[in-house]
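To keep things clear, I will list the structure first and then write my remarks on it.
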Amino acid sequence: MGRSLVWCAGLMTLAAQGQPFQLPTDNHALFDQGGEERFFVGTIGKPWLTGTFGCVRSGGWQMHEGIDIRCLQRDRRGEPTDAVRATADGTVAYFSTRPSLSNYGNYVILRHQVGGLEVYSLYAHLREVRGDLKSGQSVRAGEQVGVLGRTTNTRESISKERAHLHFELNLLVNDRFAAWQRKTFPHQRNDHGEWNGQNLLAIDPRAILLRQHKEGARFSLLGFLQDQTELCRVVVRQQYFPWLRRYAALVRPGPRAEQEGVAGYELALNYNGIPFELIPRAASEIKGKTKYQLLSVNESEYHKNPGRRLVAKRGTRWELASAGRNLVELLTY
Ligand SMILES: [Zn+2]
């Protein structure tokens, strides 16, 4: 019995290494040459590119945090019927069946551990959430969690034509989001606790799925994150914050801090604010007295991907804009 257990564990490890993420519906046109039209749903009257991830809307100034996947099946009334499935093994973190509370409509969030990193997948605009889903419940990769749909609370509804799955992969900023929000924005409503969009930093599912498709068993989520392009560098005077534990593999060595003691961290942020490199810094390495400061900006990356408005140029000086300050405050709260 002992031997067969080892054998099973071995197989599971292989599967986990080979394909950590699966496509969440039967639409696999992402992997076909020129299949984009059949895979992505653009915004009204706009090309498929507006259904991809990133600064793809409003001339680059509006960020789309996920990918919009076209439906394949419809019932007699033309409503979508595609099954929506877990992208990886995980547990149910949160779901909402009150579409009026969110522009996501009905949605599900699953928690996954991929290569030691905590990742949250999100499935939005669902027609239905699977009826017996419970918070904390385990789900296997490929297990159905709902039905593709077009629910949302935005003034402009999603037409039958544009019914799609909005799919996200996220990293979580801070477990104490609700407390931070109460303190920082006392008049803002929070209907979804820590599962607020501000507390989830999205990564590009298309880039991940394509890279994984190409690299097979060599794919590493950590490698993908470490390959992000830097938008800016910030130093924070804080010895501990939850990101350091949740994404410990992103921390690089800081020799002086190791000798003199850690006074804070230098962070490299990508254009969506993901701290993808963290270097411990000693007090002697941190200038100034402020809680955090902007060290540098990669201007070409800013011009390519400005949509999150994390930094701004005042005259000749770059500074953290309010979105950037909020992100750093929440990260280190
Ligand atoms: Zn979307």
Side-chain angles (χ1 to χ4, degrees), residues 42-43 46 49-68 102-104 120 122 124 152 154-156 166 168-174 177 180-181 183-190 192 194-207 225 228-236 238 241 243 247 250 265-278 290-333:
T43 53
K46 293 277 168 27
L49 204 68
T50 56
T52 63
F53 175 89
C55 306
V56 293
R57 297 177 176 178
S58 310
W61 287 98
Q62 200 193 336
M63 173 84 196
H64 184 225
E65 304 257 1
I67 57 176
D68 291 345
S102 170
N103 52 10
Y104 286 145
Y120 293 82
L122 183 150
T152 181
T154 49
R155 199 139 45 99
E156 198 158 10
H166 172 93
E168 294 183 8
L169 293 174
N170 291 290
L171 307 184
L172 184 90
V173 184
N174 196 322
F177 175 80
W180 174 81
Q181 196 200 29
K183 189 199 87 167
T184 316
F185 303 108
H187 303 296
Q188 215 173 67
R189 254 178 84 159
N190 183 5
H192 305 287
E194 67 180 297
W195 309 109
N196 186 295
Q198 285 182 76
N199 200 28
L200 296 169
L201 292 181
I203 47 182
D204 184 356
R206 179 197 192 193
L225 290 172
Q228 296 296 299
T229 301
E230 172 181 324
L231 169 73
C232 64
R233 271 180 188 264
V234 175
V235 68
V236 298
Q238 183 96 346
F241 44 95
W243 190 275
Y247 303 111
L250 298 171
Y265 283 84
E266 181 177 322
L267 319 171
L269 306 183
N270 80 348
Y271 74 85
N272 198 27
I274 305 244
F276 65 94
E277 182 184 275
L278 302 94
T290 50
K291 238 166 73 186
Y292 53 86
Q293 49 182 303
L294 181 66
L295 297 176
S296 62
V297 171
N298 174 356
E299 297 206 22
S300 72
E301 180 61 9
Y302 175 79
H303 291 301
K304 230 158 81 188
N305 293 305
R308 277 274 270 143
R309 297 174 163 85
L310 296 175
V311 291
K313 206 170 189 176
R314 304 259 181 268
T316 57
R317 256 177 68 100
W318 284 96
E319 55 186 50
L320 280 171
S322 71
R325 294 196 300 271
N326 282 337
L327 172 65
V328 174
E329 298 263 2
L330 171 60
L331 182 73
T332 56
Y333 182 69

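Predicted model only: the values in this text are computed from it and were never measured.
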Legend entry - Distance-only polar pair, side chains of Ser296 and Asn298, donor-acceptor under 3.5 Å: no
Inset, instruction - Side-chain contact test, heavy atoms from C-beta onward, threshold under 4.5 Å: evaluate it for Leu201 versus Trp243 and give yes or no. - result: yes
Inset, instruction - Not counting sequence neighbours, which residues clear salt bridge (Lys or Arg N to Asp or Glu O under 4.0 Å) with Arg155? List them please. - result: none
Legend entry - Partner residues of Leu49 under the side chain to side chain contact (heavy atoms under 4.5 Å, CB included) criterion, sequence neighbours left out: Thr52
Inset, instruction - Apply side-chain contact (heavy atoms from CB on, under 4.5 Å) to His166 and Leu122, showing your working. - result: CA-CA 8 Å; His166 172 93; Leu122 183 150; 4.2 Å; yes
Inset, instruction - Would you confirm whether Gln238, through its side chain, and Thr332, through its main-chain N or O, come within 3.5 Å as a donor-acceptor pair? - result: yes
Legend entry - Close side-chain approach of Cys232 to Leu294, heavy-atom, < 4.5 Å: yes
Inset, instruction - Could you grab the distance from atom CG of Leu200 to atom CG of Leu171, nearest 0.5 Å is fine? - result: 9.0 Å
Legend entry - Set of residues satisfying side chain to side chain contact (heavy atoms under 4.5 Å, CB included) with respect to Glu329, sequence neighbours excluded: Trp180, Lys291, Tyr292
Inset, instruction - Answer whether the closest heavy-atom distance between the side chains of Lys304 and Tyr271 falls below 4.5 Å. - result: no
Legend entry - Partner set under salt bridge (Lys or Arg N to Asp or Glu O under 4.0 Å) for Arg233, not counting sequence neighbours: Glu230, Glu266, Glu277
Inset, instruction - Not counting sequence neighbours, which residues clear side chain to side chain contact (heavy atoms under 4.5 Å, CB included) with Lys183? List them please. - result: Tyr333
Legend entry - Least distance between heavy atoms, Pro205 atom then Phe53 atom: CD-CD1, 4.1 Å
Legend entry - Beyond-backbone contact of Val173 with Glu194, side-chain heavy atoms, under 4.5 angstrom: no
Legend entry - Pairwise distance CG(Asn305) to OG(Ser300) - rounded to 0.5 angstrom: 10.0 Å
Exercise answer: donor-acceptor pairs, residues 308-318 side-chain atoms, under 3.5 Å, sequence neighbours excluded:
{"unit_1": "Arg308", "atom_1": "NE", "unit_2": "Asn272", "atom_2": "O", "d": "3.4"}
{"unit_1": "Arg308", "atom_1": "NE", "unit_2": "Asn272", "atom_2": "OD1", "d": "2.8"}
{"unit_1": "Arg308", "atom_1": "NH2", "unit_2": "Asn272", "atom_2": "O", "d": "3.3"}
{"unit_1": "Arg309", "atom_1": "NH1", "unit_2": "Trp61", "atom_2": "O", "d": "2.9"}
{"unit_1": "Arg314", "atom_1": "NE", "unit_2": "Glu319", "atom_2": "OE2", "d": "3.0"}
{"unit_1": "Trp318", "atom_1": "NE1", "unit_2": "Glu299", "atom_2": "OE2", "d": "3.0"}

Legend entry - Electrostatic pair Lys46:Asp68 at N-O distance under 4.0 angstrom: no
Legend entry - Heavy-atom donor-acceptor pair, Thr152 side chain to Asn103 backbone, under 3.5 Å: yes
Legend entry - Test side-chain contact (heavy atoms from CB on, under 4.5 Å) applied to Gln228 and Ile274, step by step: CA-CA 9 Å; Gln228 296 296 299; Ile274 305 244; 5.7 Å; no
Inset, instruction - Could you tell me whether the side chain of Leu331 reaches within less than 4.5 Å of the side chain of Leu267, counting heavy atoms only? - result: yes
Inset, instruction - Taking the side chain as every heavy atom from C-beta outward, state whether Phe185 and Asn326 have any atom pair closer than 4.5 Å. - result: yes
Inset, instruction - Keeping the roles fixed (side chain from Tyr247, backbone from Leu172), state whether a donor-acceptor pair exists under 3.5 Å. - result: yes
Inset, instruction - Could you tell me whether the side chain of Phe241 reaches within less than 4.5 Å of the side chain of Asn174, counting heavy atoms only? - result: no
Inset, instruction - Provide the closest heavy-atom pair for Thr50 versus Val56 in the form atom of the first, atom of the second, distance. - result: CG2-O, 3.4 Å
Inset, instruction - Nearest 0.5 Å please: distance from the CD atom of Gln198 over to the CG atom of Asn190. - result: 8.5 Å
Legend entry - Any donor-acceptor N or O pair under 3.5 Å, side chains His64, Gln62: no
Inset, instruction - Measure the spacing between CD of Gln188 and CG of Asn196 and express it to the nearest 0.5 Å. - result: 7.0 Å
Legend entry - Side chain to side chain, Tyr104 and Glu168, heavy atoms closer than 4.5 Å: yes
Legend entry - Gap between atom CG of Asn270 and atom CD1 of Ile203 - 0.5 Å precision: 9.5 Å
